[in-house]
Protein chains: 2
Amino acid sequence: MLSKELIAASTRPILLSILERGENYGYALLQEIEKISAGQIVWSEGMLYPVLHRMENEGIIESFWQEAEKGRPRKYYKITEKARPIIQVEKQQWSTVNQVLKKLWKPVKPIRNST
Amino acid sequence: MLSKELIAASTRPILLSILERGENYGYALLQEIEKISAGQIVWSEGMLYPVLHRMENEGIIESFWQEAEKGRPRKYYKITEKARPIIQVEKQQWSTVNQVLKKLWKPVKPIRNST
DNA sequence: GCAATATACCTAACGCCATTAGGTATGTCA
DNA sequence: TGACATACCTAATGGCGTTAGGTATATTGC
């Protein structure tokens, strides 16, 4: 169970990275992330759908309805050209923080003793 | 300039990791993170002080006033024993997300062409 | 002497966003 | 026929970063 802050920070980068590999629909994305993270990351629908709508409003992704062989129609999302630079910035920002944390998590060098 | 979501997700882990290495006071922490991140991460006071107060209320850190050689007294913070397991969980959570992103950012293997 | 700047702390109003908790609709299986 | 999985959506709530203030001390420049 991730903290809500970490969810907030990682959802967009993860979503865009998944969609970068191919279009997909909301419900499948919920299962996809759970699978990729080996059950570590679980998204709620109440979080995901608003995020998708917001990103569509911003023009980062776009949607189209598609009939499934069975069940109700699915709303597929795909990234737009506008998404590319955003993904780059997000990667860079994530790396910045990750490098700082990696640095801080390195054990402190003990002071060499002269004995 | 980091996104506010990434700030929210990283502030506590970073703060606790810095304080794990030694007690420090608020204003110095602002400069410390800027230095460690080579200017990439800049915290605002309006973000930092409430975070410190919240963590103190939760018993994760504790504070004491100390006179400086010059200027006003400083409020130093140090981690408590309660912080240790929390830091561990945060490290683990961060690593989980980081591994997922690393996986997603690996270039997709192109299909070998028979030409 | 006095204004500007750096240090060092604090807080209130605002807006964004995940959570919680609902709702609708279709198809399958017992 | 009732339960469950699939598949979409939204409203109310609370937490938290941003913005924009405030207070106090010490130094530096005019």
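Below, chains carry the letters A, B, ... as their sequence lines are ordered, and counting in each starts from 1.
For the 3.5 Å distance criterion, the side chains of T80(B) and E62(B) fail to qualify, holding no donor opposite an acceptor.
Remark: P of dA18(C) and CG of L6(B) are 13 Å apart, rounded to the nearest angstrom. Regarding Y49(A), its OH atom lies at a distance of 12 Å from the C1' atom of dT24(C), rounded to whole Å. Rounded to whole Å, atom P of dA24(D) lies 17 Å from atom NZ of K75(B). Atom-to-atom, CG of L48(B) to P of dC9(C) comes out at 9 Å; the value is rounded to the nearest Å. Between the NZ atom of K4(A) and the P atom of dA18(C) there is a distance of 9 Å, rounded to whole Å. Across the protein-nucleic acid pair, F64(A) atom CZ and dC8(D) atom P stand 12 Å apart, rounded to whole Å. The distance from atom CD1 of I7(A) to atom P of dC16(D) is 15 Å, rounded to the nearest whole Å. Following rounding to the nearest Å, L30(A) (CG) and dA18(C) (P) show an atom-to-atom distance of 13 Å.
Every pair passing ring-ring contact (aromatic ring centres under 6.0 Å, His included) that includes a residue from residues 57-90 of chain A is listed here, sequence neighbours excluded: Y25(A)-Y76(A), F64(A)-Y76(A).
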What does the list of N/O pairs under 3.5 Å between the protein and nucleotides 1-6 of chain D look like, with a distance for each?
from, atom 1, to, atom 2, distance (Å)
dT6(D), OP2, Y27(A), OH, 3.1

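With values rounded to the nearest 0.5 angstrom, L19(A) atom CG is found 7.0 Å from I79(A) atom CD1. For the atom pair CD of E20(B) and CD1 of I87(B), the computed distance is 3.5 Å after rounding to the nearest 0.5 Å. We find the CG-CD1 distance between L30(B) and I41(B) to be 12.5 Å, quoted to the nearest 0.5 Å.
Both P73(A) and L2(A) lie close to DNA chain C; mapped to their nearest nucleotides by heavy-atom distance, the more 5′-ward contact belongs to L2(A). Between A8(B) and G46(A), it is G46(A) whose nearest contact on DNA chain D lies nearer the 5' terminus. In terms of position on DNA chain D, the residue among E5(A) and A28(A) whose nearest nucleotide sits closer to the 5' end is A28(A). Between S44(A) and G71(A), the one whose closest nucleotide on DNA chain C sits nearer the 5' end is S44(A).
With hydrogens and angles ignored, the 3.5 Å screen pairs a side-chain donor or acceptor of K82(A) with a backbone N or O of E58(A).
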Per-pair distances, 0.1 Å, donor-acceptor, side chain in residues 43-54 of chain B, under 3.5 Å, sequence neighbours excluded:
from, atom 1, to, atom 2, distance (Å)
S44(B), OG, M47(B), N, 3.3
H53(B), ND1, Y49(B), O, 3.4

Residues 97-105 of chain A side chain polar contacts: donor-acceptor under 3.5 Å, at least two apart:
from, atom 1, to, atom 2, distance (Å)
N98(A), OD1, W94(B), NE1, 2.8
K103(A), NZ, I36(B), O, 2.9
W105(A), NE1, S17(B), OG, 3.0

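Using a 4.0 Å heavy-atom distance criterion, G26(B) is classed as a sugar-phosphate-only contact.
Residues passing the side-chain contact (heavy atoms from CB on, under 4.5 Å) test with Q93(B), sequence neighbours excluded: L2(A), S3(A), L6(A), V89(B).
In the region residues 50-59 of chain B, proximity to DNA chain C at under 4.0 angstrom, judged on heavy atoms, holds for P50(B), H53(B).
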